[in-house]
Amino acid sequence: MALENVKDQMGNTNPPRVKAERFDQFMKDHEVSGFHREEYDDQFRTVVYFSGLQTAGQQQFVQVILNDSIYGMIKVLVGHKVVNEQNQAKVLEYLNQLNNRFGAFKYIVTPDGNLELDCSLIANDETFDPEAIMVMLLNVIQPHLESELLRLPAVVGGPVGVNVEEEEKDERPIHPVH
């Protein structure tokens with residue numbers, strides 16, 4: 001019997017998205033607002049929460065990505081299209097230094113020149129703790145960015161802030177990764 005047929009026979013064709021439900025409950029219990037939730041019907045049944053984080057006088061776009069795998073992700077858009085051919089070598093060298101110093105998260109450059117900070121979350125349904133997301137965002141990532149966003153303009157050769165009007169036209173500030 002094919003696996004697809006077994007799934008149909010089990011009658012559990014729409015199981016709960018446990019991590020997302022726990023995160024939703026945490027936000028409700030602690031009156032956390034400012035997250036927009038989107039569900040995707042991909043193979044991992046991904047739920048992406050979109051929000052923003054105010055750091056160093058700038059607004060950064062944030063995604064919290066939860067799914068049925070053991071991986072989750074916090075993604076912060078640090079700079080929109082700030083890496084180009086002229087500054088790429090210097091930026092990558094600097095980011096490599098940062099990545100060697102910080103084990104909790106990594107900086108990456110996307111193919112379209114965005115600068116992102118990625119934080120992996122590893123937990124299955126039983127061990128997932130939604131409070132860890134808020135701790136990482138508010139007690140680790142935000143304080144780190146408060147100081148780092150003051151240094152990055154010198155590295156990229158200009159401002160690293162996110163241009164909201166340009167971002168809204170692009171409609172893809174950060175791309176979910178599975």
Side-chain angles (χ1 to χ4, degrees), residues 19-20 22-23 26-27 30 32 34-38 40 44 46-84 87-125 127-164 167 170 172-178:
K19 291 182 219 168
R22 284 190 184 169
F23 189 56
F26 175 86
M27 290 190 298
H30 293 85
V32 175
F35 282 92
H36 169 75
R37 182 182 200 258
E38 289 187 19
Y40 297 89
F44 297 107
T46 302
V47 178
V48 180
Y49 296 85
F50 299 89
S51 190
L53 186 66
Q54 187 73 23
T55 54
Q58 298 180 33
Q59 183 72 20
Q60 270 66 51
F61 292 111
V62 173
Q63 286 185 351
V64 175
I65 304 164
L66 302 174
N67 59 37
D68 288 345
S69 75
I70 65 165
Y71 301 104
M73 179 78 67
I74 298 172
K75 298 175 89 53
V76 180
L77 180 62
V78 177
H80 178 68
K81 297 185 180 183
V82 297
V83 182
N84 53 47
N87 68 7
Q88 184 175 19
K90 184 177 180 181
V91 170
L92 292 177
E93 180 181 337
Y94 185 71
L95 295 183
N96 193 44
Q97 292 171 11
L98 289 176
N99 288 340
N100 284 327
R101 285 193 351 234
F102 301 104
F105 45 80
K106 298 297 176 202
Y107 283 92
I108 67 160
V109 175
T110 66
D112 51 353
N114 290 338
L115 180 57
E116 294 179 4
L117 182 147
D118 288 357
C119 176
S120 294
L121 307 167
I122 300 175
N124 62 23
D125 289 347
T127 61
F128 175 71
D129 180 6
E131 186 174 0
I133 293 170
M134 302 311 287
V135 167
M136 286 304 298
L137 275 171
L138 301 175
N139 296 350
V140 178
I141 292 172
Q142 188 177 33
H144 166 75
L145 286 175
E146 284 289 338
S147 64
E148 204 51 52
L149 286 177
L150 301 175
R151 295 181 188 102
L152 282 171
V155 175
V156 299
V160 293
V162 176
N163 183 331
V164 175
E167 246 346 283
D170 189 22
R172 299 175 295 131
I174 305 177
H175 308 282
V177 176
H178 306 290

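Note that the numbering runs from 1 along the sequence shown for the chain.
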Would you check if the side chain of [X] reaches a backbone N or O of [Y] as a donor-acceptor pair within less than 3.5 Å?
X: K19; Y: N67; result: yes
X: D125; Y: D68; result: no
X: R37; Y: V47; result: no
X: S51; Y: G34; result: yes

For residues [X] and [Y], report the shortest heavy-atom separation together with the two atoms involved.
X: K81; Y: N114; answer: N-OD1, 2.7 Å
X: V62; Y: I74; answer: CG1-CG2, 4.4 Å
X: S69; Y: F44; answer: CB-CD2, 3.9 Å
X: L53; Y: Q59; answer: N-NE2, 3.4 Å
X: S120; Y: M73; answer: OG-CE, 3.9 Å
X: I65; Y: T46; answer: CG2-CG2, 3.6 Å

Do [X] and [Y] come close enough that some side-chain heavy atom pair is under 4.5 Å?
X: V155; Y: N87; result: no
X: L66; Y: I133; result: yes
X: Y94; Y: L152; result: yes
X: V78; Y: E116; result: no
X: F61; Y: H80; result: no

Legend entry - Atom OH of Y71 with >12 non-hydrogen neighbours under 6.0 angstrom: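 Open.
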Legend entry - CD/E146: more than 12 non-hydrogen atoms of other groups inside 6.0 Å: yes
Which pairs of donor and acceptor atoms, one on a side chain in residues 98-109, lie under 3.5 Å apart (sequence neighbours left out)?
| unit_1 | atom_1 | unit_2 | atom_2 | d |
| --- | --- | --- | --- | --- |
| N99 | OD1 | Y107 | N | 2.7 |
| N99 | ND2 | L95 | O | 3.4 |
| N99 | ND2 | Y107 | O | 3.1 |
| N100 | ND2 | N96 | O | 3.2 |
| K106 | NZ | N99 | O | 2.6 |
| K106 | NZ | F102 | O | 3.0 |
| Y107 | OH | H144 | NE2 | 2.6 |

Inset, instruction - Give me the ring orientation class for F35 and F23: parallel if the planes are under 30° apart, tilted from 30 to 60°, perpendicular past 60°. - result: perpendicular
Distance from [X] atom [atom1] to [Y] atom [atom2], nearest 0.5 Å?
X: E131; Y: H30; atom1: CD; atom2: NE2; answer: 6.0 Å
X: E93; Y: Q88; atom1: CD; atom2: CD; answer: 12.5 Å
X: M134; Y: I141; atom1: CE; atom2: CD1; answer: 11.0 Å

Legend entry - Intermediate values then yes/no, side-chain contact (heavy atoms from CB on, under 4.5 Å), V48 and V64: CA-CA 6 Å; V48 180; V64 175; over 6 Å; no
Inset, instruction - May I ask you to say whether R151 pairs ionically with E148, meaning some side-chain N is under 4.0 Å from a carboxylate O? - result: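 Counted as a salt bridge, because a side-chain N and a carboxylate O are separated by less than 4.0 Å.
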Inset, instruction - Evaluate the criterion side-chain contact (heavy atoms from CB on, under 4.5 Å) for residue pair M27 and Y49; output intermediate values, then yes/no. - result: CA-CA 12 Å; M27 290 190 298; Y49 296 85; 3.8 Å; yes
Legend entry - side-chain contact (heavy atoms from CB on, under 4.5 Å) evaluation trace for D118 with K75: CA-CA 5 Å; D118 288 357; K75 298 175 89 53; 3.0 Å; yes
Legend entry - Distance-only polar pair, side chains of Q60 and T55, donor-acceptor under 3.5 Å: yes
Inset, instruction - Kindly indicate, with the supporting measurements, whether the criterion side-chain contact (heavy atoms from CB on, under 4.5 Å) is fulfilled by F26 and R22. - result: CA-CA 6 Å; F26 175 86; R22 284 190 184 169; over 6 Å; no
